[in-house]
K.L.:
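Following this message is one structure expressed as structure tokens.
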Amino acid sequence: MQKFKNYINGQWVEPISKEYFKNISPANTDDIIGEFPLSGQEDVNAAVAAAKAAYKSWKNVPAPKRGDLMRKAADIFTRRKKELGKIMTREMGKPTFETEGDVQEAIDTAYYAASETRRLFGHTAPSEMPNKMNLSFRVPIGVVGVITAFNFPIAVPSWKILPALAAGNTVIYKPSKDAPHAGVVFAEILEEAGFPKGVFNVILGKGNMGSMIVEHPDVNVIGFTGSTEIGCKIAEIGGRLNKKVSLEMGGKNAQIIMPDANMDLAIEGVLWGAFGTTGQRCTATSRLIVHKDCYEKVISILAERANKLKLGDGLIAGNEVGPVIHEASLKNIEKYCQIAKEDGGRLICGGKRAVEGDLAKGYFFEPTIFADITKDMRLFNEEVFGPILSVTKAESLEDAIELQNHCEYGLSSSIYTTNVNAAFQAVRDIEAGITYINSPTIGAEAHMPFGGVKGTGNGHREGGWTAFDIFTEWKTVYIDYSDQLQRAQIDNY
Ligand code: UN1
């Protein structure tokens with residue numbers, strides 16, 4: 001069986017403990033992918049020390065030169081796209097057309113980050129005083145700890161790692177325990193691209209290893225994607241230790257359908273939003289809010305279409321929906337089906353594990369839809385992270401927007417309508433970091449700000465130029481060429 005290693009200071013090394021954990025494929029639990037390091041405090045210390053040492057010279061490499069390496073990495077991601085897609089599908093389940101899209105998002109991010117290295121613009125402003133110049137520019141911060149989830153094993157870490165490196169920071173990356181192989185390939189690619197030793201480090205593990213990174217005194221910034229529960233703990237620790245923390249947490253994203261919408265498009269959109277990635281996206285459509293004038297019609301078409309989705313091993317072409325990540329996730333989805341029934345939801349399709357034929361070998365759950373879910377029910381409010389959609393009736397556009405906002409999270413949102421006034425009203429009134437008009441809640445592009453309001457985040461935005469706000473600080477410089485002491489606020493007034 002293949003034994004994987006950590007990547008620390010440009011070397012592939014065993015964990016100090018020599019202990020490993022096995023990772024299996026969620027589509028076939030007999031398929032053991034390999035053994036991965038169970039890293040501990042000493043491994044974390046070694047990786048942080050390497051990153052701290054490398055920072056001294058990396059921060060002074062001209063940014064466009066850092067960009068050259070970033071472009072090489074993009075080329076290698078492109079070359080390995082199909083192979084990496086298969087690796088990711090095998091370990092986390094979503095079909096290869098999706099995992100290849102995941103890699104594409106990293107390619108886009110790498111080229112974008114490379115271009116930003118020639119455009120890390122600062123500001124100049126006139127001074128209050130004569131013969132004086134004021135300017136300000138971005139500077140890197142130090143060592144960045146990156147902790148991510150299994151569902152986008154390449155794209156989501158790339159949103160953090162690549163801008164952080166482009167800006168001149170060094171990085172320690174802990175991939176999800178459920179998608180460690182993709183993390184290894186990430187390191188292989190940056191190694192081949194020629195990033196100097198210590199600039200990028202990957203340590204694999206599970207349990208409290210993430211908190212060792214967060215608590216380490218030499219880690220200055222934390223970029224986290226995962227559950228709200230863990231994210232809030234990281235924020236607490238970050239507050240205590242005065243670290244910069246960027247959090248990307250839960251979502252309970254809604255799509256609204258108005259009666260004037262292109263109905264086929266709206267149904268196609270919700271199926272992709274709700275069941276793409278088996279519903280395991282922070283941007284997944286987990287709530288559908290339908291205007292009363294088209295409510296029953298939408299429900300009947302939706303159930304028929306959801307029943308036709310082809311479940312199966314994502315490595316086999318033609319399959320549309322893969323397994324969920326593990327047994328605990330299956331049990332959680334079963335629990336929410338039970339809760340939805342008890343609360344008075346109307347099951348219109350799915351509702352149980354899929355066990356026909358080869359599906360019995362993996363963690364498959366039927367695409368599930370509950371209608372008649374009202375805003376006080378748990379399924380309306382709680383993130384499940386699986387293929388389960390609730391449908392709620394709205395009386396009007398205003399009611400639909402209010403229902404959409406009745407949520408502790410605020411990541412993504414969508415409205416299907418052909419009425420331009422309704423669309424702009426929704427853009428103005430929906431409380432979410434992202435609003436789509438006539439497309440589903442999923443599908444963010446690498447060069448635009450990504451993140452959410454309310455319980456989804458803590459004010460940062462990944463993606464695009466805004467990612468650089470996370471991974472840089474501002475240096476302000478005053479240059480006085482008057483050859484005399486000019487006392488600000490005193491001599492000039
Ligand atoms: C996530 O689910 O953590 O917009 C990220 C999307 C993808 C990214 C999802 N491009 O759905």
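Counting starts at 1 for both ligands and their atoms, following the listed order.
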K.L.:
Under 3.5 Å, side-chain donor or acceptor atoms of residues 172-180 against the rest of the protein: list the pairs with distances, not counting sequence neighbours.
P.N.:
unit_1: Tyr173; atom_1: OH; unit_2: Thr148; atom_2: OG1; d: 3.2
unit_1: Ser176; atom_1: OG; unit_2: Asp178; atom_2: N; d: 2.9

K.L.:
Can you name the side chain to side chain contact (heavy atoms under 4.5 Å, CB included) partners of Lys82, sequence neighbours left out?
P.N.:
Glu100

K.L.:
Considering only distance and modelled atom types, tabulate donor-acceptor pairs under 3.5 Å from the side chains of residues 262-273, sequence neighbours left out.
P.N.:
unit_1: Asn262; atom_1: OD1; unit_2: Asp264; atom_2: N; d: 3.3
unit_1: Asn262; atom_1: OD1; unit_2: Leu265; atom_2: N; d: 3.2

K.L.:
Think Lys393 forms a cation-pi with Tyr295, using NZ or CZ under 6.0 Å from the six-ring centre and within 45 degrees of its axis?
P.N.:
yes

K.L.:
May I ask you to check whether Glu398 and Gln425 show a side-chain donor-acceptor distance below 3.5 Å?
P.N.:
yes

K.L.:
Taking atom types as modelled and ignoring hydrogens, do the side chains of Ser413 and Thr435 form a donor-acceptor contact shorter than 3.5 angstrom?
P.N.:
yes

K.L.:
Using a 4.0 angstrom limit on heavy atoms, which residues are close to ligand 1?
P.N.:
Glu105, Asn151, Phe152, Val156, Trp159, Arg281, Cys282, Thr283, Ile442, Gly443, Ala444

